[in-house]
Amino acid sequence: MKIVELENDIEVNDCSEDNSDDNVVTVPTQKGGMRRKHHRPWTINEVVKLVEGVARYGAGRWSEIKRLAFSSCPYRTSVDLKDKWRNLLKASFVQLPAEKGILNSRKQASVPIPAAILSRVRELADMQGQIPPVLSACKSSGHSSSDRNVHEARSGFL
DNA sequence: GTTAGGG
DNA sequence: CCCTAAC
């Protein structure tokens, strides 16, 4: 038997794993302007760093996160970080309560954001107060068990 | 330049 | 991702 374990390196690089090639396609719009379309698919590593940065400094401090976690990334400005964070929030609110019996065709396309990351995002959003008042009201009166997430792996920030 | 919101 | 507005 051959024990050939595939070292699925999930982007072991930091953020410089991105190709140095600039994927910029200039498409002229009808309104009067050249729209520069970049194509920079956020990888898991990027998402993790973003979440870690928010967990360390807080949501809204994209400038600091960009200076520390994304210091080697000339692109990815404050706008990009905020955009990704919003996208993560949406995914963490619709993919967390599911993940049980959805259509799983054996394999996803290169893993679209693991639930592990989404769990961190949801907890962070709860801390930073980015949870919408909706969806949280799914409790039926009569549950004295204060079941809190067990993700409290923080030494104690804030 | 950054944050925040919308397309 | 890109653009706009306000700070």
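Note that the structure is predicted; figures quoted are calculated from it, not measured. Sequence lines set the chain letters: A, B, ... in the order given, protein chains first and strands last, and positions in each chain run from 1.
Residue Lys37(A) contributes atom NZ, which lies 6 Å from atom C1' of dC1(C) at whole-angstrom precision. Atom CG of Asn87(A) and atom C1' of dC1(C) are 11 Å apart (whole Å).
With contacts defined as side-chain heavy-atom distances shorter than 4.5 Å, the pair Asp80(A)/Trp42(A) qualifies. Trp85(A) has its side chain within reach of Leu124(A): a pair of non-hydrogen atoms, C-beta onward, lies under 4.5 Å apart. Between Leu88(A) and Lys84(A) the shortest side-chain heavy-atom distance falls below 4.5 Å.
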Dump the pairs, protein N or O against N or O of nucleotides 3-7 of chain B, anything under 3.5 Å, distances to one decimal.
| unit_1 | atom_1 | unit_2 | atom_2 | d |
| --- | --- | --- | --- | --- |
| dT3(B) | OP1 | Gly60(A) | O | 3.3 |
| dT3(B) | OP1 | Trp62(A) | N | 3.2 |
| dT3(B) | OP1 | Ser63(A) | N | 2.8 |
| dT3(B) | OP1 | Ser63(A) | OG | 2.5 |
| dT3(B) | OP2 | Ser63(A) | N | 3.4 |
| dT3(B) | OP2 | Ser78(A) | OG | 2.8 |

Atom pairs, N/O to N/O, protein against nucleotides 5-7 of chain C, distance under 3.5 Å?
none

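Remark: the backbone N or O of Ala69(A) is paired with a side-chain donor or acceptor of Lys49(A) at under 3.5 angstrom.
Of the charged side-chain nitrogens involved, none lies within less than 4.0 Å of a carboxylate oxygen, so that Glu64(A) and Arg56(A) do not count as a salt-bridged pair.
With respect to Val47(A), the side chain to side chain contact (heavy atoms under 4.5 Å, CB included) criterion is satisfied by exactly one of Asn45(A), Leu50(A), Thr43(A), Val51(A): Val51(A). Remark: of the listed residues Arg61(A), Gln128(A), Gln130(A), Gln128(A) is the sole one forming a side chain to side chain contact (heavy atoms under 4.5 Å, CB included) with Val54(A).
Taking the ring centre of Tyr75(A) as origin, the terminal cationic atom of Arg40(A) falls inside the region bounded by 6.0 Å and 45° from the ring axis.
Between His38(A) and dC2(C) there is a side-chain polar atom (N or O) within less than 4.0 angstrom of OP1 or OP2.
Counting non-hydrogen atoms under 4.0 angstrom, Trp42(A) reaches the backbone sugars and phosphates but no base.
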